[in-house]
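Each chain gets a letter, A, B and so on, in the order the sequences are listed, and its residues count up from 1.
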Amino acid sequence: MQIRVADQTIEVNDGASCADVLSDGLSKKQFKNTVAVKCGEKIFDLNGPLPAVCEELTPVFADTPEGLDVIRHSAAHIMAEAVKTLFPDAQVTIGPAIENGFYYDFAYKRPFTPEDLEAIEAEMERIVGRDHPFTCRHVSKDEAESLFKDMGEDYKLELIHDLGQNEYSLYSQGNFTDLCRGPHIPRTGMLKAVKLLSVAGAYWRGDEKNPMLQRIYGTAFANPKDLKAYLHRIEEAKKRDHRRLGTQLDLFSFSEEAGPGMVIWHPKGMLIRTILEDFERKEHLKRGYQIVQGPLILKRELWERSGHYENYRENMYFTEIDEQAYGIKPMNCLSHMLIYRSSIRSYRDLPQRYFELGMVHRHEKSGVLHGLSRVRAFTQDDAHIICRPDQLLEEITGVIQFVKDMAGLFGFEFELELSTRPEKSIGSDEDWDRATNALTDALESIGLPYDINAGDGAFYGPKIDIKLRDALDRKWQCATVQCDFTLPERFDLNYVGQDGERHRPVMLHRVILGSVERFMGILIEHTGGAFPTWLAPTQARILTVTDAQNDFAETCCKTLQKIGLRVEADTRNEKLGYKVREAQVEKIPYMLVIGDKEVADNVVNVRLRTGENLGTKTIDEVVDMIRNDCLEPFKRGGMSYSFF
RNA sequence: GCCCACGUAGCUCAGCAGGUAGAGCACAUCCUUGGUAAGGAUGAGGUCACCGGUUCAAGUCCGGUCGUGGGCUCCA
């Protein structure tokens with residue numbers, strides 16, 4: 001038999017393992033870096049037998065994404081062995097590799113402490129030192145059940161029962177055996193860089209009705225250097241955390257007195273928001289939206305009619321006045337529908353696009369609150385597009401293009417997900433098909449890649465979600481477009497068609513930034529607080545060398561302010577270095593330094609926050625420079641904006 | 001909501017074998033007029049989150065409440 005390995009054809013003897021074949025085909029160095037082997041799309045154990053039908057073997061190297069998965073999953077097994085050694089009463093459950101590491105969930109009578117983690121890590125080191133081989137064997141269902149029953153592993157038994165297979169694979173290293181699909185690294189000694197990170201509670205099988213298990217998170221890399229680099233990256237990312245920068249740059253705060261999840265915007269943060277929102281309003285008008293606004297509270301009966309009272313009550317705030325119950329809005333759609341219904345609509349009037357920067361209140365569970373990303377009072381850049389069914393595609397395409405333009409403006413990477421009909425849903429198959437097709441067609445016509453989340457749509461219609469990542473790689477949903485057949489029905493929205501009959505329109509719910517608060521959080525982390533010049537609260541600061549230049553500085557400052565630039569003068573009796581440092585820490589884009597020389601020549605010396613010094617410029621040149629800097633991002637996004 | 005950790009001056013943090021609080025930055029006053037990331041001196045600032053308990057004595061130990069952080073569940 002012959003097998004191809006790395007452009008070579010290897011003659012294979014009967015009974016040879018994958019490792020035998022690969023060691024012949026690869027250099028020593030390459031082979032040492034191999035943790036598993038790939039045949040077609042499937043990955044196999046390196047020290048396992050050759051796959052049944054296989055013409056070519058590809059090595060899976062330690063530092064590739066697939067190799068890291070194998071290493072991390074193996075690390076989880078080694079951690080499980082360490083835990084069972086130190087805490088024999090603990091029961092093992094499941095322990096997969098995840099995006100940047102791995103975890104393993106244990107059932108134990110008490111939570112693990114940081115000291116436990118240290119002990120577990122030390123025990124893992126011993127296991128790695130013993131360099132046991134990972135071995136795999138296949139057993140029948142009965143065998144597997146009796147085995148794990150003897151070991152007292154109730155959770156494994158439940159898994160075996162629920163999986164309902166006839167055969168199961170078991171992996172062992174040392175005297176630890178786990179139910180597992182594999183594959184694993186050949187020997188424990190190949191785990192060269194591992195670190196346990198944290199303990200957390202997690203529900204068995206992710207269901208809050210189930211008991212809570214003790215989860216240990218860790219990470220592993222191909223070598224200590226990569227691990228160190230990763231840990232360093234995490235530390236660096238923490239410095240860009242918007243919660244930290246929010247305090248440092250004096251943008252916003254939270255107050256125990258005000259209540260959890262309630263953002264208090266300080267002047268600088270609010271200034272950025274205002275500029276952003278102002279831009280959004282203009283951009284919406286350009287795209288045929290109409291700006292509207294509804295009240296923060298609406299009668300309870302209205303929420304009953306919409307179905308929110310029934311389905312969303314736990315998340316709503318209520319109030320009562322004059323014996324009338326009111327609900328504080330968690331969504332903006334209701335007033336928009338009232339606007340639509342305020343007159344008779346012709347098919348010629350559609351689509352109606354209502355835009356509102358609407359503040360909503362949602363009583364989120366206390367444990368989910370997170371800086372600006374998850375709050376209880378926030379502002380959505382919300383719009384409802386009420387259109388004819390035949391207009392769906394064009395409207396959805398318009399929304400996705402809008403999102404694409406905005407993402408381009410800020411230089412964001414984003415991920416698109418299409419969520420289709422869930423099991424529990426309302427509406428006809430025809431409606432669902434048409435809406436889903438419209439969403440799909442829109443995605444295709446824009447030409448962006450997307451994932452499909454089958455069955456993850458809202459009960460009232462399918463949707464497209466757009467997710468952005470924060471500094472710590474957590475994904476947050478921002479933009480979303482949702483088709484809705486229910487609300488037009490419940491509120492009896494209609495339009496008079498060409499035929500003179502009444503027809504039911506479709507409604508699109510959509511946001512571009514999502515929550516302005518959340519978006520601000522992501523923007524802060526994306527820029528590290530160095531906002532693009534058009535958004536920077538202070539665009540330029542004039543720094544005098546001594547107070548002899550203060551008059552000239554004030555004059556320059558007024559000139560720039562009059563044009564509409566956000567400029568201030570630092571005329572304090574401090575050394576220049578001190579003033580530069582302060583402006584630098586505040587990440588002000590332009591520092592305009594004025595000493596005697598500059599006053600004499602009627603110029604300023606320009607320093608950027610990058611540290612670059614542009615030399616001396618006249619005030620007119622400075623204005624041009626800042627103006628161009630402001631407009632630069634808009635060229636990318638294919639949008640325009642006027643500042644002055 | 002659930003599990004764990006944490007909560008000391010505006011900010012970042014130290015303090016601990018239980019004996020009545022400390023630094024840097026920021027702030028104020030004074031000296032200094034100094035060219036691109038911190039000049040110097042002096043001073044003001046805290047019922048150590050809140051409530052209760054143990055103790056002669058609690059920031060330090062115990063319990064509860066509130067808040068924050070890391071996760072789980074849920075979601076923009």
Side-chain angles (χ1 to χ4, degrees), chain A residues 103 105 108 110-114 116-117 197-217 238 241 243-244 247-248 250 253-261 312 314-315 330-332 358 360 362-376 378-382 458 465-468 472 474 476-480 482 509-519 521-522 543-550 572-586 591-598 605-609 611-613:
Chain A
Y103 68 78
D105 286 346
Y108 193 49
R110 63 163 178 86
F112 295 115
T113 64
D116 291 338
L117 280 202
L197 299 172
S198 60
V199 281
Y203 300 107
W204 166 236
R205 304 200 128 181
D207 188 335
E208 62 182 331
K209 289 186 203 79
N210 285 340
M212 188 153 270
L213 306 171
Q214 307 304 328
R215 175 170 297 181
I216 302 179
Y217 281 97
K238 277 186 187 158
D241 191 310
R243 292 166 296 190
R244 186 188 172 111
T247 307
Q248 214 171 299
D250 197 16
S253 64
F254 291 90
S255 158
E256 261 191 61
E257 292 160 285
Y312 205 71
E314 304 74 44
N315 285 299
M331 289 152 194
N332 302 300
V360 294
R362 298 184 186 176
H363 184 220
E364 303 290 353
K365 288 180 182 176
S366 59
V368 307
L369 301 176
H370 180 100
L372 293 178
S373 309
R374 198 75 183 273
V375 294
R376 283 183 171 161
F378 60 101
T379 307
Q380 292 181 302
D381 59 338
D382 203 2
D465 291 329
I466 294 96
K467 295 185 173 168
L468 299 179
L472 290 170
R474 287 181 278 227
W476 294 98
Q477 185 175 320
C478 291
T480 177
Q482 310 182 346
H509 305 252
R510 56 106 277 196
V511 287
I512 303 294
L513 306 180
S515 140
V516 177
E517 283 76 3
R518 173 180 293 179
F519 185 81
I522 293 178
L543 314 177
T544 51
V545 177
T546 71
D547 52 18
Q549 299 90 37
N550 285 0
R572 291 174 305 168
N573 174 15
E574 295 289 353
K575 284 194 165 174
L576 180 60
Y578 183 85
K579 297 184 187 182
V580 167
R581 180 187 147 77
E582 230 168 61
Q584 198 74 47
V585 168
E586 289 176 52
M591 284 159 251
L592 311 177
V593 177
I594 297 178
D596 281 339
K597 281 182 271 177
E598 285 77 15
N605 179 276
V606 181
R607 179 196 160 103
L608 304 180
R609 61 184 161 192
E612 193 185 351
N613 194 307

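If you take atom C1' in B/rC48 and the same atom in B/rG1, they sit 31 Å apart, rounded to whole Å. B/rA57 and B/rC25 have their P atoms separated by 39 Å, with the value rounded to a whole Å. The separation of B/rU20 from B/rC56, taken at their C1' atoms, amounts to 13 Å, rounded to a whole angstrom. Straight-line distance between the C1' atoms of B/rG22 and B/rA9: roughly 10 Å, to the nearest whole Å. Comparing B/rU73 with B/rC4, their C1' atoms are spaced 16 Å from each other, to the whole Å. Between the C1' atoms of B/rA76 and B/rA14, the separation comes to 40 Å (whole Å). When the C1' atom is compared between B/rU29 and B/rC11, the two are found 22 Å apart, to the nearest whole Å. Using atom C1' as the reference point in both B/rU54 and B/rG63, the two lie 11 Å apart (nearest Å).
The pair A/R243-A/D241 counts as a salt bridge, with a side-chain nitrogen and a carboxylate oxygen less than 4.0 angstrom apart.
The separation between A/R518 atom CZ and B/rA76 atom P is 8 Å, rounded to whole Å. Atom CZ in A/R376 sits roughly 11 Å away from atom C1' in B/rG67 (whole-Å rounding). Between A/D465 atom CG and B/rC74 atom C1' there is a gap of 14 Å when expressed in whole angstrom units. To the nearest angstrom, C1' of B/rG69 lies 14 Å from CD of A/E256. One atom, CD of A/E574, and another, P of B/rG40, lie 11 Å apart when rounded to the nearest Å. One interatomic measurement links the two molecules: CG of A/D105 to P of B/rC3, which rounds to 16 Å at whole-angstrom precision. Straight-line distance from the NZ atom of A/K365 to the P atom of B/rU73: 11 Å, rounded to whole Å. Taking atom CZ of A/R374 as the reference point, atom P of B/rA76 lies 8 Å away to the nearest angstrom.
Under a 3.5 Å cut-off, the side chain of A/R362 and the backbone N or O of A/M331 do not form any donor-acceptor pair. Judged by distance alone, with hydrogens and angles left aside, the side-chain atoms of A/R374 form no donor-acceptor pair with the main-chain N or O of A/L369 at under 3.5 Å. Of the possible polar contacts, one joining the A/Q584 side chain to the A/R609 backbone as a donor-acceptor pair under 3.5 Å is found.
Residue contacts for A/V545: at a heavy-atom cut-off of 4.0 Å it reaches a base atom on one of the strands shown. A/G371 comes within 4.0 angstrom of the backbone, heavy atoms only, and of no base. Heavy atoms of A/G367 sit under 4.0 angstrom from at least one base atom. Note on A/V375: a base of the nucleic acid sits closer than 4.0 angstrom, heavy atoms only. Across all strands, A/G595 comes closer than 4.0 Å to base atoms (heavy-atom distances). Contacts of A/Y217 with the nucleic acid, taken as non-hydrogen atoms under 4.0 Å apart, involve only primed sugar atoms and P, OP1 or OP2. Contact annotation for A/N315: no contact, since no heavy-atom pair falls under 4.0 Å across all strands. Base engagement by A/A200 is indicated by at least one non-hydrogen atom pair under 4.0 Å involving a base atom. At a threshold of 4.0 angstrom between heavy atoms, the contacts of A/K597 include nucleobase atoms, whether or not backbone atoms are also involved.
At a threshold of 4.5 Å between non-hydrogen side-chain atoms, the residues A/L592 and A/V606 count as touching.
Put simply, A/Y103 has no side-chain N or O that comes within less than 4.0 Å of OP1 or OP2 on B/rC72. Between A/R243 and B/rG70, a side-chain N or O to OP1/OP2 separation shorter than 4.0 Å is present. Within the 4.0 Å cut-off from OP1 or OP2 of B/rG71, not a single side-chain nitrogen or oxygen of A/H370 is found. A close approach under 4.0 Å does not occur between any side-chain nitrogen or oxygen of A/Q584 and OP1 or OP2 of B/rA37. Close to B/rA37, at under 4.0 Å from its OP1 or OP2, lies a side-chain N or O of A/R607. Contact check, A/S366 against B/rG1: a side-chain N or O comes under 4.0 Å of OP1 or OP2.
As the counterpart of B/rA17, no nucleotide is assigned, since no Watson-Crick or G-U wobble pattern has both distances under 3.5 Å. Summarising the base pairing, B/rU42 is matched to B/rA28 through a Watson-Crick or G-U wobble pair whose two defining distances lie under 3.5 Å. Checking B/rC72 for Watson-Crick or G-U wobble geometry (two distances, each under 3.5 Å) identifies B/rG1 as its partner. In this entry B/rU65 has B/rA49 as its Watson-Crick or G-U wobble partner, both defining distances falling under 3.5 Å. Look at B/rA23: its Watson-Crick or wobble partner, with both distances under 3.5 angstrom, is B/rU12. The pairing partner recorded for B/rU54 is none, the criterion being a Watson-Crick or G-U wobble arrangement whose two distances lie under 3.5 angstrom.
Across B/rA76, B/rC2, B/rA37, the shortest atom-to-atom separation from the side chain of A/R581 is found for B/rA37. The A/L576 side chain lies nearest to B/rG35 when the options are B/rG35, B/rC72, B/rA76. Closest contact between the side chain of A/S515 and the listed nucleotides B/rA76, B/rG1, B/rC3 involves B/rA76. When distances are taken from the side chain of A/N605 to each of B/rU36, B/rG71, B/rC11, the shortest belongs to B/rU36. Here B/rA76 is the nucleotide among B/rG35, B/rU68, B/rA76 with the atom lying nearest to any side-chain atom of A/R362.
Glycosidic conformation, B/rG45: syn, with the torsion inside 90° of 0.
Under 3.5 Å, the side chain of A/E364 and the base of B/rA76 form at least one donor-acceptor pair of N or O atoms. Donor-acceptor pairing under 3.5 Å, judged by distance alone, is absent between the side chain of A/D207 and the base of B/rU73. Remark: the A/R110 side chain and the B/rC3 base include no donor-acceptor N/O pair separated by less than 3.5 Å. Side chain A/Y203 to base B/rG71: no donor-acceptor pair is found below 3.5 Å. No hydrogens or angles were tested; on distance alone, a donor-acceptor pair under 3.5 Å links the side chain of A/E598 to the base of B/rG35.
For A/E257, the CD atom counts as loosely surrounded, since its 6.0 Å shell holds 12 or fewer non-hydrogen atoms of other residues, nucleotides or ligands.
Closest-nucleotide positions on RNA chain B for A/M591 and A/L372 were compared, and the one nearer the 5' end corresponds to A/M591. With RNA chain B read from its 5' end, the first of the two nearest nucleotides for A/P111 and A/R572 is the one closest to A/P111.
Interatomic distance, A/N315 CG to A/R376 CZ, rounded to the nearest 0.5 Å: 9.5 Å. A distance of 10.0 Å separates CG in A/L513 from CD1 in A/I522, rounded to the nearest 0.5 Å. To the nearest 0.5 Å, atoms CZ (A/R244) and NZ (A/K238) are separated by 9.5 Å. Rounding to the nearest 0.5 angstrom, the gap separating the NZ atom in A/K579 from the OG1 atom in A/T544 is 3.0 Å.
Stacking between A/Y578 and the base of B/rA37 is absent under the criterion of ring centres within 5.5 Å and planes under 30 degrees.
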